[in-house]
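Remember, predicted model here, so these are calculated numbers, not experimental data.
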Amino acid sequence: MTDADLDRSYTALCEALAAVGETQAPLLLSMLSLSLMSRFDHADEVLPLIANAQKQCSAGGGNGP
């Protein structure tokens, strides 16, 4: 994915989160996550991504892309 594609995708995600509102944002993120995870062949490909995101959030690094 190019930087432009990543920016476009991130912008669409931000807009979708704003559209559904704070209450529904966790549901949207869960649905999107499951949809994206289903594109992988094995859990071993997904589990490190989950661990990395959790680590970044725990360290306070979840404030941006």
Novice: Near M31 CE, under 6.0 Å, is it more than 12 heavy atoms from other residues, nucleotides or ligands?
Specialist: no
Novice: Nearest 0.5 Å please: distance from the CZ atom of R39 over to the CD atom of E45.
Specialist: 13.5 Å
Novice: Are side-chain heavy atoms of M37 and L49 found at a separation under 4.5 Å?
Specialist: no
Novice: For D3, look at atom CG and say whether over 12 heavy atoms of other residues, nucleotides or ligands are found less than 6.0 Å away.
Specialist: no
Novice: Quick check: do V20 and L27 have side-chain heavy atoms less than 4.5 Å from each other?
Specialist: no
Novice: Can you confirm whether more than 12 heavy atoms, excluding those of Q54, are under 6.0 Å from its CD atom?
Specialist: no
Novice: Just verifying a value: how many Å separate L34 CG and S30 OG, rounded to the nearest 0.5 Å?
Specialist: 6.5 Å
Novice: Between atom CD of E22 and atom CG of L17, what is the distance when rounded to the nearest 0.5 Å?
Specialist: 10.5 Å
Novice: Given side chains that start at C-beta, do those of L13 and L28 come closer than 4.5 Å, heavy atoms only?
Specialist: yes
